[in-house]
Each structure stands twice: as structure tokens, then as C-alpha cells.
Amino acid sequence: ITGTALSPRIKLYADPDRTDTEKLAMLVTGKSSDNLSRDDTALVQKAAFALLAGDGESISSRFGLDTLGVATNSGTTKDTVVTVGKQISDRLYVGYERGLKATTGTLQLIYRINNNLNIRAQSGEESAIDLFWTLRWDNSPFEKSKR
């Protein structure tokens, strides 16, 4: 632990050296990250957020982020994805996603053309450009006829 009492910096150490995910899993649960149950994975994720956020200002506000999230698809840390993002303007959002065991991440740019149309450009292991059109039912004649 380094830094000040108000802003400590915590670095995990293991001998032999392991990934940060593995170190945290062993510290919190006593198990390898490959052998964690869904509940154990949730516990490790909470511990990771506690280390990142601390008791004071959260890491997301410290770096000016609008999005900071951790999600898992199958309940194991190897499928865990960390997402960060920032709303640059009313129309432009920039985000980055990376799996804890992935070698590359994904950069996303989302631009709102109007209230119904968004374009998303994505670059990473898979690159794509998507166009999203949204129809809101509250403005449709179908919704009015239900009232």
C-alpha cells in the first residue's frame, strides 16, 4: 500500500507472479480464478470495485468517466468484461471494453444523428459500423388507440 491515507494505492503481490485477477481471487476466496462459483465471482468483482473506488472519490469520477462497469456472461472471471466510457457531447459517446483474459479490447464511438437514429463504429478484434433506428411506441398511433 502506497499513497496517502486519503488516497491509498493498493498493489497486489504474489510469488510466483500471477495476473491481478488471479491474485485478487486467491486473496478473497482462497481459490484460483478458474475454479470460482458465480457467488465467488461476484465477491471478487465487489472487492475489485472496492480497491478501485476506495472510500473517497470513485475512480469513475476521478477520471471523468460516465460509464464504469464489470459484467460477466457465465459467472467465471475469464468471461468478465470491464467497460469504461465517456459522453463527450450531447451526440457523441466514446467507450472501451476489454475482457479480463483478452489480449485486445474494443473501442466504440456512438454518434446520435437525431432522436431516432444512431450510428456506432467499433474497432478491435472485430470491427463494424452499425446503424440503429429506434421507434418509440409512445409516439405511435398504436399507443394512442390503447388509451
Side-chain angles (χ1 to χ4, degrees), residues 1 3-4 6-12 18-147:
I1 300 175
T4 65
L6 294 175
S7 181
R9 292 188 186 111
I10 300 170
K11 183 177 180 186
L12 301 175
R18 301 171 190 263
T19 65
D20 287 339
T21 304
E22 189 70 22
K23 292 175 197 173
L24 191 57
M26 292 295 289
L27 180 67
V28 173
T29 66
K31 300 177 190 174
S32 167
S33 62
D34 292 332
N35 298 324
L36 296 179
S37 68
R38 184 176 297 261
D39 291 338
D40 291 337
T41 300
L43 187 62
V44 171
Q45 289 174 352
K46 287 178 185 175
F49 269 126
L51 286 174
L52 289 172
D55 287 332
E57 182 182 31
S58 72
I59 191 168
S60 59
S61 63
R62 200 176 299 162
F63 291 107
L65 299 173
D66 294 317
T67 306
L68 174 61
V70 176
T72 184
N73 292 333
S74 65
T76 63
T77 54
K78 64 183 172 186
D79 294 324
T80 301
V81 176
V82 177
T83 304
V84 295
K86 175 73 177 166
Q87 190 74 39
I88 303 297
S89 70
D90 289 344
R91 295 182 179 264
L92 182 63
Y93 172 84
V94 177
Y96 182 76
E97 287 185 347
R98 183 164 183 176
L100 292 182
K101 299 242 178 170
T103 56
T104 62
T106 302
L107 177 67
Q108 287 186 357
L109 297 172
I110 301 172
Y111 185 76
R112 184 173 54 88
I113 297 169
N114 61 39
N115 286 338
N116 298 329
L117 195 59
N118 292 319
I119 188 166
R120 178 181 68 181
Q122 174 178 309
S123 178
E125 190 172 320
E126 295 181 7
S127 297
I129 295 179
D130 301 307
L131 192 61
F132 294 96
W133 179 64
T134 305
L135 174 64
R136 290 180 173 70
W137 291 104
D138 57 337
N139 294 330
S140 75
F142 300 111
E143 184 66 27
K144 291 175 185 172
S145 65
K146 288 183 182 178
R147 293 182 196 165

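- Not counting sequence neighbours, R91 has no partner by the side chain to side chain donor-acceptor pair (under 3.5 Å) test.
- T106 contributes atom OG1, which lies 7.5 Å from atom OH of Y96 (distance to the nearest 0.5 angstrom).
- A distance of 13.0 Å separates CZ of R98 from OG1 of T83, quoted to the nearest 0.5 Å.
- In I129, the CD1 atom is not crowded: 12 or fewer heavy atoms of neighbouring residues, nucleotides or ligands sit closer than 6.0 Å.
- For R112, the salt bridge (charged side-chain N to carboxylate O under 4.0 Å, His left out) test picks out no residue, with sequence neighbours left out.
- The shortest side-chain heavy-atom distance between V94 and L107 falls under the 4.5 Å cut-off.
- Taking N114 as the reference, N116, L117 meet the side chain to side chain contact (heavy atoms under 4.5 Å, CB included) condition, with sequence neighbours excluded.
- Nearest approach of R120 to D130, heavy atoms of both residues: NH2-OD2, 2.6 Å.
- The distance from the CD1 atom of I110 to the CD1 atom of I113 is 12.0 Å, given to the nearest 0.5 Å.
- Listed by chain and number, the residues in a side chain to side chain contact (heavy atoms under 4.5 Å, CB included) with E125 are T104 (sequence neighbours excluded).
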